[in-house]
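Everything below concerns the one structure shown next.
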Amino acid sequence: MMRFIKILGVLLFICLLLGSSSFNLFNAAPNLILIFLCLNLLTSTRKETIILSLVAGVILDFVSALPDGVISLSLLIAVFGSYYITSMFFAKSLSRVMVLVMIFLATIIYFISIEILHAVILFVRDQAILEFGQTQIRKLIKEIVLNVLFLYPAYLVHVWLNPQITNQNESI
Amino acid sequence: MRFIYSKTFRWAFGIFLFIALLFILDTSGYLNAPKSLVQRVFGTVGGSFKKVFDLTKDTAVTIGTIKNLARENAGLNQQIDELSAENARLQSAKLENQTLRRTLGFAEQASYKMVPAEVLILDPTGFVQIIVIDKGEANGLQLGQAVIVSPGILVGRVTKTYRTTSEITLITDPTMTINAEVSDSGARGLLKGEHGISLILDLVTQNEVIKSGDRLITSGLAGDFPRGLLIGEINAIKSSSSELFQQAFVSPIVDLRNLRFVFVIQ
């Protein structure tokens, strides 16, 4: 329980940082919440990851101007989607490559999921749907690079919160 | 055991219900009060983080640029002299304009009533270019009102209002279209946002003269924004004789990702 509260605290802190836009680099920001949730799913239970995803998602939904529910659902789709895809190709034990691939896939799935859900809601509300063009592709590439770069610092924080991980998964 | 009785299905169904409820409550406006509260809390605490970040960044930048300060100071003094002279000329032109307007019986240009506001949050997802400010319906804010920074520079429009907070769509959001005019040549076009990166001036006919460095102002044609608000500066032009219209890439005058105080024109 204590561990869960600590992780929740870190996620809320990241939400605050994101809200303050202090993490913007080259007009993009690393999605630390997505990284944390992916790491949490790899090292903890699905139930816990679902609850954390929904809490962080609802806060981001409230703070962002996207229709409510879009970020919550996209986070869940990205985290679990990337997990199921990577577990089809990798062994159950954790490895650096597996975590990297999972973050890479999660970033892409999250991005596409938000774009699709947003477009569907705009369509339902009879509003103009925005074109998917070069600007979004550039943004996606920047986010993938930033997420991969910020994966290791995020992993260190995650290990600091869960000291038992290092004993279980020496390979990482 | 049938799938619908499985634990996985129950979880998936629960999540689906939760998100559907969230969406319905948001659409019907029942979440406005809690959203406004979360925005205020996150805006205030996040703002404190930003101040610490900015202070650290400013200190580092100041230390890095301290050797150039004397030269920069001389340059700025020269710029002040030039601007003072230009200001005097413009004051004289303004007086002349007012006199001529009165003589010709034209209506006086109205001065705006402005509501100052502090920026609480910049949309953290980056998928939409929206900021949240600390003034809302309680302060008389309404949908569609123009938002500027102090010297008459346009930054966006009010697109959603809560009781004590409001959402402002920035000019760089792709949903924004503004009737714009080049201040020097009077060429007109339609300005569109480009996902927070820049703006594109479109539908400028080939016979209009536009060049890099030209400044764009609101034309006030559609009545959505008052005329004469500064928007940005042209930094590149895309023109081809085979095309009906020419396009220009425009950079906003202010850094829209670092806004702290804005004014809403009422």
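In what follows, chains are A, B, ... by sequence order, proteins preceding strands, each numbered from 1.
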Quick check for you: to the nearest 0.5 Å, what is the distance between [X] atom [atom1] and [Y] atom [atom2]?
X: B/I19; Y: A/S72; atom1: CD1; atom2: OG; value: 5.0 Å
X: A/F62; Y: B/N32; atom1: CZ; atom2: CG; value: 10.0 Å
X: B/F18; Y: A/L76; atom1: CZ; atom2: CG; value: 9.5 Å
X: A/S64; Y: B/E167; atom1: OG; atom2: CD; value: 8.0 Å

More than 12 non-hydrogen atoms from neighbouring residues, nucleotides or ligands closer than 6.0 Å to CZ on A/F104, yes or no?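 Incorrect, the count does not exceed 12.
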If you count every heavy atom of other residues, nucleotides or ligands that lies below 6.0 Å from B/F13 atom CZ, does the total exceed 12?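 No, not enclosed.
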Are the charged groups of A/D68 and B/K35 less than 4.0 angstrom apart, N to O?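 Answer for the salt bridge query: yes.
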Is it the side chain or the backbone of [X] that comes within 4.5 Å of chain A heavy atoms, both, or neither?
X: B/L31; answer: side chain
X: B/F16; answer: neither
X: B/I15; answer: side chain

Which atoms of A/I114 come close to chain B, meaning under 4.5 Å heavy atom to heavy atom: side chain ones, backbone ones, both, or neither?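 It is the side chain, since no backbone atom gets that close.
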Given the rule in the side-chain contact (heavy atoms from CB on, under 4.5 Å) test, do B/F23 and A/V70 qualify, once you have shown the distances and angles that lead to the verdict? CA-CA 8 Å; B/F23 176 68; A/V70 169; over 6 Å; no
Evaluate the side-chain proximity of A/E115 to B/F127: yes if any heavy-atom separation is below 4.5 Å, no if none is.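 The answer is yes; the side chains approach within 4.5 Å.
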Taking all non-hydrogen atoms of both residues into account, name the closest pair between A/A65 and B/I130 and its distance.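 In this case the closest contact between A/A65 and B/I130 is CB-CD1, 3.2 Å.
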B/V38 and side-chain contact (heavy atoms from CB on, under 4.5 Å): which single residue from A/V58, A/V63, A/D61 fits?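 The option that passes is A/V63.
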Hey, mind stepping through B/W11 and A/K47 against side-chain contact (heavy atoms from CB on, under 4.5 Å) and telling me if it holds? CA-CA 9 Å; B/W11 268 101; A/K47 191 176 155 185; 3.2 Å; yes
